[in-house]
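First the structure, in the form of structure tokens, and then the observations on it.
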Amino acid sequence: MTETTELAPKYDPAAIERGVYQAWTETDVFAADVTSEREPYVIVIPPPNVTSVLHMGHGLNNTIQDVLIRFERMRGREALWLPGTDHAGIATQNVVERKLAREELRRQDLGREAFVERVWEHVRETGGTILDQLKAIGCSCDWNRTRFTLDDSYSRAVKRVFVQLHDDGLIYRGHRVIHWCPRCLTSLSDEEAEFRERDDHLYYIRYPWAGGTADGVIVATTRPETMFGDVCLVCHPEDERFAGLTGRTVAIPLSGVEIPIEHSTAVERDFGTGMLKVTPAHDPNDFDIAAALPEDFDTPDTMTPDATMADVPRVPDALRGLDRDAARRRIVELLEQQGLLVKVEPYRHSVRHCYRCHTIVEPRLSDQWFVRMRTLAAPALAAYRDGALTFMPDRWGKVYENWLVGIRDWNISRQLWWGHRIPAWYCEADGCEHITVAEDAPAACAACGGSVRQDEDVLDTWFSSWLWPFATMGWPDRTPDLERFYPGHTLVTGPDIIFFWVARMVMAGYHFMGDRPFDTVYMNGIVRDPQHRAFSKSLGNGIDPLDVVEQYGADALRFTIVAGAAAGTDVIMDRNDLDATFAAGRNFANKLWNVGRLILSHLASPPAPLTELDRETFELGDRWILARCQRVIRETTTALDRMRLNDAANLVYHFVWDELADWYLEHVKPRLYGTAAGGDVARGILVHVFGRALQLLHPVMPFITEELWRHIPTEHEPLLAGARWPEADPAYDDEEAETAFGLVQGLVGAVRTIRAEYHVPPAATLTAVVTPAGSAASSAFAAERETILRLAKLAALETAADAEGIGGHGVLSDGTAVFVPLGDAIDVDRECARLSEELTRIDGLLTSVRGKLANENFVTRAPADVVEREREKERSWREQQETLAAKLRALGC
RNA sequence: GGGUGGUUAGCUCAGUUGGUUAGAGCGCCGGUCUCACAUACCGGAGGUCACAGGUUCGAAUCCUGUACCGCCCACCA
């Protein structure tokens, strides 16, 4: 695979990404082998909705999954990342309806079949784009196993589940008040009807006594338009204000329908007037209140499905056909005219809205299919409580737990056309109410032999999504994939769908597979704009991941996401300043590229492997970089193991940039360019270290690492396919070298600081006088003399204890003093001031550390190494103090 | 109303079980086009870790309270 083409001086992601991705797919490295002996690692993708193409939130979610899957794959596990898309019932239907609306068409104009075909057209378009987008950001999914929640095999699973739950007594048909969206014309589950704050009014309305006598009782309501559905008024039985009123009858204003006054303990006496109107058909609480009363009320529905006032006797003629808002305004006017509106108060409250079209939900009494959740929830709850299921970060587990504890039955039928049709058939024979629930259409009614018709409704989209972890693998058949890849391991998703999806998947997993679908739920944050608003189409604040890929490259995008997002924390991105957002990632890619360019340009002949190099010839810097390399391998592996992706990315970033590029490359240049001996050793070490860095970085930045890898003459397999995750080799651990080279870095830094401080021209050569504080220091300076001279731009390095005169001073971490004589070029007063300042600082530190050491409790109770560190500090600072004092005296300050 | 998270540098955020002089990126200031990289290099400024108590030899870190943000859930119409 090695190529000798020249690398461009700037990294151009667009030039390589496509080719690299193609090479991966051609060799099928993403495919999981069901027959392999390796331990599996499985992630199922949260299938993106086919409503529209991917946004940055998907970029975040899928990048994290790809990092995990690539890491485990490189580690040698049989990694399966199963991709796919979700038909997203109500959401997709809405999108297509909106498209139709632009042609001034409604779905009813097309009819069911033609409409569904239109949706399929949309799906084929977006579905394909979504998969392309995933590829563009580098996702290493097993594309052979791509699934869609409306695939035939998937539909079979959905039907099987419905029938099985019905047989288990866990699905039933119920008559109750559900959330109804008057725009989508469908029922919704509790989770789909989300609360939003709204400024409204509280209307105080007088219900006169039946028979037309004056006064009556006053009722407070936010929804006067529902009053014609009232069946009674209720007050609390112990409310003295209304003592003796039960049994009396009032007339509903405007309609004159007479209703009784009853008692209910459900009434809050402090709210409104303490008298509540009961409208069972349009309020779930009222439905319950009415049901608890001894009377058997009719529950009149006074609104049509699209929430206009119905053409029924109870509704006054003048109001019929008005939508609920217009009706409310009109009712208020009429009440006012008749003197029945006592007062209106502003009132802020939470109102349920359709989560797809944001229309206010209309509670409505109807027949729907429900799933009984209690028994399903039990194992899902237990799984979290006994640790079989963990959340990252854990706080989301509590959210999951709370929901399961208070779980209620799930309305799964939707009056939509796009989705899985409910596998229930109703007998059409008169008087026979038999319902057949079966996977396939029955020939005739099992009870009476009459003809049957299928339920018109479809299932809640989540009723198919909750089967994703096993329906994608061929369930209900016992396929090899299921045997091998279920249960999976990590689910990466957002906290917004814990209830919709995560919890329900766990329930389905236990009920149908007898096991959890995954063991860890990694919660990614939400991508927000600088005002901390979530990206949304209506705000137009989103960033298209493909734009970023195009401008900065997929690796820059991925690095930014991974390095910037700890688990569960939101990511802020500013569409107006993409440079600020993605500069770090892009710059790092370019840095890595140039590190590669430098190293590869010196590999005319392939270097010997590290193990064949003579370690006797290693210099201090060589030992240092190898030791650092072992350390970063260990730390990065640990970080990824613990799913600290941001730590992993930053660890390699700093290793490559701060250590490999800024120090080691500069350190070995003379050997690379032949002005010093030992070039072969340097090249061998460079290739080794660079290769390890590429491996460590590959999960986060797959494209550039793969591209650079194939230019390494000693590597012949693709990084992803052939190379394993690096392992630290303790043989190269070398704390002594790390300490010693640290002192070299400190010395070079000290001289640079002095040069900058005194504005010494770059061309000017200086001499540094060093007074080493310990043996490690002196040997390090001796070993790295040439390096120090070059990197600190010095003409000479002297070791002497008696450096005096005017110059710049520095102190290293171990107390070693550095003095750079600057002759008459510098301002003595200024130097004195500087030294005094330094001395004051040291004095402060000494006071603090001496305070600690004087504290008997500290010395006896703190860990020995901590105390020892403090002692060393004290020693070293004391020496610095003396040195500084001597300098000051020498300068005559 | 019940949960739950946050408050650390100008901005966005890290900070593992309490333990060197609290870090990064971006931005800012000063100096460099030094033969891999100006998407770079070198140096630097900038923080009483929201506030008040407490525990401890020692607190950004643990406890209590306060003040602001935020998110989730919730049948006072």
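All chains are named by letter (A, B, ...) in the order of the sequence lines, taking the proteins before the strands, and each is independently numbered beginning at 1.
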Contacts under 3.5 Å, N or O only, protein and nucleotides 56-62 of chain B:
from, atom 1, to, atom 2, distance (Å)
B:C57, OP1, A:Arg861, NH1, 2.2
B:C57, O2', A:Asn855, ND2, 2.6

**Study point:** Matching residue for A:Tyr355 among A:His179, A:Glu194, A:Glu192 - test: side chain to side chain donor-acceptor pair (under 3.5 Å)
**Key:**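 Exactly one option meets the side chain to side chain donor-acceptor pair (under 3.5 Å) with A:Tyr355, and it is A:Glu192.
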Enumerate all atom pairs, one protein N or O and one N or O from nucleotides 14-18 of chain B, separated by less than 3.5 Å.
from, atom 1, to, atom 2, distance (Å)
B:G15, OP1, A:Arg644, NH2, 2.8

Practice item. For residues 273-287 of chain A, pull every pair meeting salt bridge (Lys or Arg N to Asp or Glu O under 4.0 Å), keeping only residues two or more places apart or in separate chains. Key: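 Residue pairs with at least one partner in residues 273-287 of chain A: A:Asp230-A:Lys277.
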Review point. When you look for runs of 3 or more Watson-Crick or G-U pairs in a row, both distances below 3.5 Å, which of them include RNA chain B?
Key: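 In RNA chain B, stems of three or more pairs: B:1-7 with B:67-73, B:10-13 with B:23-26, B:28-32 with B:40-44, B:50-54 with B:62-66.
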If you restrict it to nitrogen or oxygen atoms, what contacts under 3.5 Å exist between nucleotides 1-10 of chain B and the protein, and what is each distance?
from, atom 1, to, atom 2, distance (Å)
B:G3, O2', A:Asn402, ND2, 3.2

Exercise for review: Using only side-chain N and O atoms of A:Asn594, determine if any of them is under 4.0 Å from OP1 or OP2 of B:U39.
Suggested key: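 No, because none of the side-chain N or O atoms of A:Asn594 sits under 4.0 Å from OP1 or OP2 of B:U39.
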Please set out all donor-acceptor pairs under 3.5 angstrom arising from side-chain atoms of residues 267-276 of chain A, sequence neighbours excluded.
from, atom 1, to, atom 2, distance (Å)
A:Thr273, OG1, A:Ile218, O, 2.6
A:Thr273, OG1, A:Met275, N, 3.2

Review point. Considering residues at least two apart in sequence or located in another chain, which fulfil the ring-ring contact (aromatic ring centres under 6.0 Å, His included) criterion with A:Trp180?
Key: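 Residues passing ring-ring contact (aromatic ring centres under 6.0 Å, His included) with A:Trp180: none at all.
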Exercise for review: Sequence neighbours left out, what passes ring-ring contact (aromatic ring centres under 6.0 Å, His included) with A:Phe242? Give chain and number order.
Suggested key: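 Residues passing ring-ring contact (aromatic ring centres under 6.0 Å, His included) with A:Phe242: none at all.
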Please tabulate, one pair per line, each protein N/O and nucleotide N/O from nucleotides 45-50 of chain B that are separated by under 3.5 Å, including the distance.
none

Point to revise | Contacts of type side chain to side chain donor-acceptor pair (under 3.5 Å), residue A:Trp403, not counting sequence neighbours | key: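 A:Glu191.
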Please write out the pairs of protein N or O atoms and N or O atoms of nucleotides 73-75 of chain B separated by less than 3.5 Å, giving the distance to one decimal.
from, atom 1, to, atom 2, distance (Å)
B:A74, N6, A:Ser350, OG, 3.3
B:C75, OP1, A:Arg408, NH1, 2.7
B:C75, OP2, A:Arg352, NH2, 3.1
B:C75, O4', A:Asn285, OD1, 3.4
B:C75, O2', A:Asn285, ND2, 2.5
B:C75, N1, A:Asn285, OD1, 2.9
B:C75, O2, A:Asn285, OD1, 3.3

For residues 651-661 of chain A, which side-chain N or O atoms pair as donor and acceptor with protein atoms under 3.5 Å away, sequence neighbours left out?
from, atom 1, to, atom 2, distance (Å)
A:His654, ND1, A:Asp658, OD2, 2.8
A:Glu659, OE1, A:Arg628, NE, 3.2
A:Glu659, OE2, A:Arg628, NE, 3.0
A:Glu659, OE2, A:Arg628, NH2, 3.3

Check your understanding: Hey, which of these two, A:Ala584 or A:His602, hits RNA chain B nearer its 5' end, going by closest nucleotide?
Key ->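 Between the two, 5'-proximity favours A:Ala584.
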